[in-house]
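The structure under discussion appears below in the form of structure tokens.
Below, chains carry the letters A, B, ... as their sequence lines are ordered, and counting in each starts from 1. Excluded from the calculations below are hydrogen atoms, water molecules and symmetry mates; all remaining heavy atoms, backbone and side chain alike, are included. Just so it is clear, the model here is predicted, and its values are computed rather than measured.
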Number of protein chains: 2
Amino acid sequence: MAVNTQFSIAVHLMAGLACGCDAGVTSGHLAESVNTSASFVRRTLAKLSKAGLVETATGKAGSCWLAKDAKTISLLDIYEAVDAPKAFSIHNYSAQDKCYVSCHIKTALEKALAKTQQAMESSLAEISLAQIVADVKKK
Amino acid sequence: MAVNTQFSIAVHLMAGLACGCDAGVTSGHLAESVNTSASFVRRTLAKLSKAGLVETATGKAGSCWLAKDAKTISLLDIYEAVDAPKAFSIHNYSAQDKCYVSCHIKTALEKALAKTQQAMESSLAEISLAQIVADVKKK
DNA sequence: CTTAACTGTGACTATTATAGTAACAGTTAT
DNA sequence: ATAACTGTTACTATAATAGTCACAGTTAAG
């Protein structure tokens, strides 16, 4: 798979942490839920930790837990934490001097796509982890 | 590169067509502007053609042109025409029965991300090809 | 009616981002 | 001392995408 799923995996992990906050949740537990290796989970977890969304304890009986209340964590926080790719990527080519479209399309596109990216991020900011967890529990 | 640039290339092509509408624009001309092969251009052009955004003529002196006024073409039209990937893809894993997060996260995520996708598409719908062309010409 | 110059399309290769794994050093309860 | 974690690096495998090649189909022009 060459599709980026970091973000959705990260949300899965965060939801897992939000639900299992009673017991000490390990990367192994989470890996089982996501169906991948503990190592892969830990790498994503590391990013969430650096972003201050998750706290961890090393050593025997080490574990992970949410650093904040799920209500105060938005999907945008998670999106930014895992530095998922932008919604759009612009092709990079060497501009042909004699063609003004070729020379200026890139900046024009960047300007337009910045707006779109902004719209997407605003939308993500409005969804909290708590909402996701509520949805998961409802079913 | 495993990053999808279909969309930005398609906009580049459309801008090229919008600007060079006087002369017969060929896939070769466009390829030069984008700095890729004519064949690759034609394949993207084919999608735009199927979507009714572009018309083409085969045979000697064949060429391409916009099917509609640039003012009436939105970036969303182009986005849909090239069926660019969704902003987010959800990881696919086999759900672990004993874990309810694992079982239900997917539908919860889909619901949340549908909103985000919608926000993005609305934003794209508000930008017309004509605006892009104006930006390109301004500089 | 032959040739030249296009489009349209299928089949192929190369690239590279990403998923996923393995291994091991560092840490800390027991 | 040992067991069971985290944190991190290095590696392999996969697959989406870019990009190329080749050729059939079409049409204007000589």
Listing, residues 50-71 of chain A side-chain donor-acceptor contacts under 3.5 Å, not counting sequence neighbours, or none:
{"unit_1": "A:Glu55", "atom_1": "OE1", "unit_2": "A:Trp65", "atom_2": "NE1", "d": "3.0"}
{"unit_1": "A:Asp69", "atom_1": "OD1", "unit_2": "A:Lys71", "atom_2": "N", "d": "2.8"}

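A:Thr58 has no side-chain polar atom (N or O) that falls below the 4.0 Å cut-off from OP1 or OP2 of D:dG7. Regarding contacts with the backbone of D:dA18, a side-chain N or O of B:Gln6 is found under 4.0 angstrom from either OP1 or OP2.
Atom-to-atom, CG of B:Asn35 to C1' of D:dG19 comes out at 12 Å; the value is rounded to the nearest Å. For B:Leu13 and D:dG19, the CG to C1' distance is 14 Å, given to the nearest whole Å. Rounding to whole angstrom units, CH2 of residue B:Trp65 and P of C:dC6 are separated by 14 Å. If you take CZ of B:Phe7 and P of D:dA18, they are 14 Å apart, rounded to a whole angstrom. Taking atom NE2 of residue A:His91 and atom C1' of nucleotide C:dT16, one finds them 19 Å apart after rounding to whole Å. Spacing between atom NZ of B:Lys60 and atom P of C:dA5 amounts to 6 Å, rounded to whole angstrom units. Residue B:Leu30 contributes atom CG, which lies 12 Å from atom P of C:dG8 at whole-angstrom precision.
Of all nucleotides listed (D:dT6, C:dG20, C:dT30), C:dG20 comes nearest to the side chain of A:Thr36. Minimum atom distance to the side chain of A:Thr26 is reached by D:dT6, of the listed D:dA29, D:dT6, C:dA19. Of the candidates D:dT20, D:dA28, C:dT21, C:dT21 carries the atom nearest the A:Ser37 side chain, counting heavy atoms from C-beta on.
Of all heavy-atom pairs spanning B:Ser33 and A:Ser102, the tightest one is O-OG, 2.8 Å.
Side-chain atoms of A:His29 come within 3.5 Å of backbone atoms of A:Thr26 as a donor-acceptor pair (strictly under, hydrogens ignored).
The salt bridge (charged side-chain N to carboxylate O under 4.0 Å, His left out) check on B:Lys115 picks up nothing, with sequence neighbours excluded.
Separating the CD1 atom in B:Ile127 from the CG atom in A:Leu113 is a distance of 7.0 Å, to the nearest 0.5 Å. Taken from CD in A:Glu80 to OG in A:Ser74, the straight-line distance is 7.5 Å, to the nearest 0.5 Å.
Proximity of residues 39-57 of chain A to DNA chain C (heavy atom under 4.0 angstrom from any strand atom) is restricted to A:Ser39, A:Phe40, A:Arg42, A:Arg43.
Within the nucleic acid shown, B:Gly62 comes within 4.0 Å of sugar-phosphate atoms alone, with no base atom in reach, counting heavy atoms only.
The aromatic rings of A:His91 and B:His12 sit tilted, their planes meeting at an angle between 30° and 60°.
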